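Some notes on the structure that comes next.
Predicted model only: the values in this text are computed from it and were never measured.
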Amino acid sequence: MNLLEIDCEVIVQGSRPIMFSSFGYGLICRFCNALALILFCTMGQAETQSEAAAETPAKTVVAFGDSLTQGYGLPAESGFVPQLGAWLAGQGAQVRMINAGVSGDTTAGGLARLDWTLVEPVDLVIVNLGSNDMLRGLDPGLAHENLSQILDKLEARGIAALLVGHLGPLNYGAEYKAQYDRAFQELATRYDVAFYPFYFKTLMAPDGVTPDLQNYFQADGLHPNAEGVAAVVADMGPYVLRALGR
């Protein structure tokens with residue numbers, strides 16, 4: 001050819017020769033190389049992101065409370081702490097959950113054991129105490145003072161807190177209920193901590209006053225069943241994320 005010479009390679013398959021142009025072959029090679037480079041860069045970026053996520057230390061969350069935290073009457077995987085841990089992981093949060101729930105505990109009991117609960121570094125403590133104080137008809141002022149000392153200790157250690165509120169029962173009188181209802185909100189405001197106003201908020205019947213015993217509670221009428229815990233976790237979870245600074 002006068003204007004352009006094209007090198008060719010002939011391969012015989014059967015009785016028919018197949019001709020390949022080295023010019024066209026070069027284009028194919030360059031395309032394959034470019035594609036390989038893109039894939040390599042993409043894989044490298046994914047590995048870098050994965051390594052960065054693996055290097056990010058998990059935050060330690062202590063769920064500090066009574067039987068509502070401990071998971072009374074439920075299989076281990078259905079309690080509050082495992083379900084919350086799974087929910088947080090599903091939101092992309094890297095957390096290590098510690099179940100510091102003691103069945104039957106009061107605010108006084110919680111205060112007494114707080115120091116040895118915090119023997120290792122902790123990022124967030126979910127304080128869920130007070131329901132047993134109410135069940136026993138203990139002085140709301142005493143519960144308020146115990147919770148105040150718990151929050152004092154957390155503040156002194158620089159540990160974030162999420163305070164879980166409870167509402168007082170009507171059977172001890174209007175003034176008793178009013179004192180309990182005020183206590184949690186007042187403490188959350190004073191210490192400027194995250195506040196979940198009422199643990200049983202999502203477990204109430206449509207009237208907003210009566211617990212939905214049929215769908216969300218165990219036979220004792222006091223402790224949530226697995227579905228009830230799931231409802232609490234789904235509603236409280238965003239509060240936990242915000243308290244973790246996410």
Side-chain angles (χ1 to χ4, degrees), residues 49-50 52-71 77-101 105 107 110-111 114 117-118 120-131 143-144 146-168 180-204 208 216 224 226-246:
Q49 292 174 343
S50 177
E55 292 171 0
T56 302
K59 293 188 175 183
T60 299
V61 178
V62 172
F64 189 69
D66 49 36
S67 56
L68 298 175
T69 298
Q70 182 263 336
E77 69 278 4
S78 299
F80 174 79
V81 177
Q83 288 208 48
L84 178 59
W87 188 94
L88 291 170
Q91 304 303 308
Q94 291 185 284
V95 296
R96 184 170 70 95
M97 300 294 300
I98 296 177
N99 189 341
D105 210 3
T107 56
L111 176 60
L114 180 63
T117 301
L118 303 176
E120 59 180 290
V122 172
D123 297 286
L124 173 67
V125 175
I126 302 172
V127 181
N128 185 11
L129 288 165
S131 59
H144 183 281
N146 291 333
L147 289 170
S148 179
Q149 290 188 50
I150 288 172
L151 294 174
D152 273 334
K153 288 176 177 286
L154 296 178
E155 185 176 67
R157 293 170 182 251
I159 300 173
L162 168 60
L163 180 63
V164 179
H166 291 274
L167 298 180
Y180 251 112
D181 292 356
R182 287 195 304 265
F184 295 91
Q185 178 65 72
E186 190 277 331
L187 288 167
T189 301
R190 187 205 304 179
Y191 289 93
D192 191 26
V193 297
F195 180 52
Y196 187 74
F198 182 36
Y199 179 84
F200 294 102
K201 180 177 71 167
T202 60
L203 309 184
M204 308 304 285
Y216 291 131
E227 291 76 17
V229 172
V232 172
V233 164
D235 195 62
M236 191 188 297
Y239 291 76
V240 178
L241 285 178
R242 287 194 290 272
L244 285 168
R246 289 176 54 86

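- Within the 4.5 Å cutoff, the side chain of Leu129 has no heavy atoms near those of the Asn146 side chain.
- Sorted by first and then second residue, the pairs that involve residues 226-236 and meet salt bridge (Lys or Arg N to Asp or Glu O under 4.0 Å), not counting sequence neighbours, are Lys201-Asp235.
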Under the side chain to side chain contact (heavy atoms under 4.5 Å, CB included) rule, what do Val164 and Met236 come out as? Steps first, then yes or no, please.
-> CA-CA 9 Å; Val164 179; Met236 191 188 297; 4.1 Å; yes
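- The two residues Thr107 and Ala143 have their closest heavy-atom pair at OG1-CA, 3.5 Å.
- Not a single donor-acceptor pair under 3.5 Å links the side chain of Gln83 to the backbone N or O of Val232.
- Taking 4.5 Å as the limit, every side-chain heavy atom of Tyr196 sits out of range of all side-chain heavy atoms of Pro238.
- The CG atom of Asn128 sits 5.5 Å away from atom CG of Leu68, with the distance rounded to the nearest 0.5 Å.
- Counting only distance, with no hydrogens or angles, the side chain of Asp123 and the backbone of Thr60 share a donor-acceptor pair below 3.5 Å.
- Leu118 has its side chain within reach of Leu154: a pair of non-hydrogen atoms, C-beta onward, lies under 4.5 Å apart.
- Heavy atoms from other residues, nucleotides or ligands lying under 6.0 Å from OH of Tyr199 number more than 12.
- Side-chain contact check for Leu167 versus Phe200: every heavy-atom pair is 4.5 Å or farther apart.
- Closest non-hydrogen pair, Gly110 versus Phe64, comes out as O-CZ, 3.1 Å.
- Between Lys153 and Leu111 the shortest side-chain heavy-atom distance falls below 4.5 Å.
- Nearest approach of Ala100 to Thr117, heavy atoms of both residues: CB-CG2, 3.9 Å.
- Taking the side chain as every heavy atom from C-beta outward, Ile98 and Glu120 approach each other to under 4.5 Å.
- Between Gly237 and Leu88, the closest heavy-atom pair is O-CD2, 4.4 Å.
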Let me see the working for Leu84 and Ile126 under side chain to side chain contact (heavy atoms under 4.5 Å, CB included), right down to the final yes or no.
-> CA-CA 11 Å; Leu84 178 59; Ile126 302 172; 3.6 Å; yes
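- Here the shortest heavy-atom pairing between Asp181 and His166 reads OD1-O, 4.3 Å.
- Residues forming a side-chain hydrogen bond (donor to acceptor under 3.5 Å, both in side chains) with Arg157 (at least two apart in sequence, or on another chain): Asp115.
- Across all their heavy atoms, Gly130 and Asp66 have their closest contact at N-OD2, 4.4 Å.
- Annotation: side chain of Leu241 is in contact with side chain of Trp87 (closest heavy-atom distance under 4.5 Å).
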Please table the atom pairs, donor to acceptor, closer than 3.5 Å between any side-chain atom in residues 186-195 and protein atoms at least two apart or in another chain.
residue: Glu186; atom: OE1; partner: His144; partner atom: NE2; Å: 2.6
residue: Glu186; atom: OE2; partner: Arg190; partner atom: NE; Å: 3.4
residue: Thr189; atom: OG1; partner: Gln185; partner atom: O; Å: 3.0
residue: Thr189; atom: OG1; partner: Gln185; partner atom: NE2; Å: 3.2
residue: Arg190; atom: NH1; partner: Ser148; partner atom: OG; Å: 3.2
residue: Tyr191; atom: OH; partner: Ser148; partner atom: O; Å: 3.1
residue: Tyr191; atom: OH; partner: Ser148; partner atom: OG; Å: 2.6
residue: Tyr191; atom: OH; partner: Asp152; partner atom: OD1; Å: 2.9
residue: Tyr191; atom: OH; partner: Asp152; partner atom: OD2; Å: 3.3

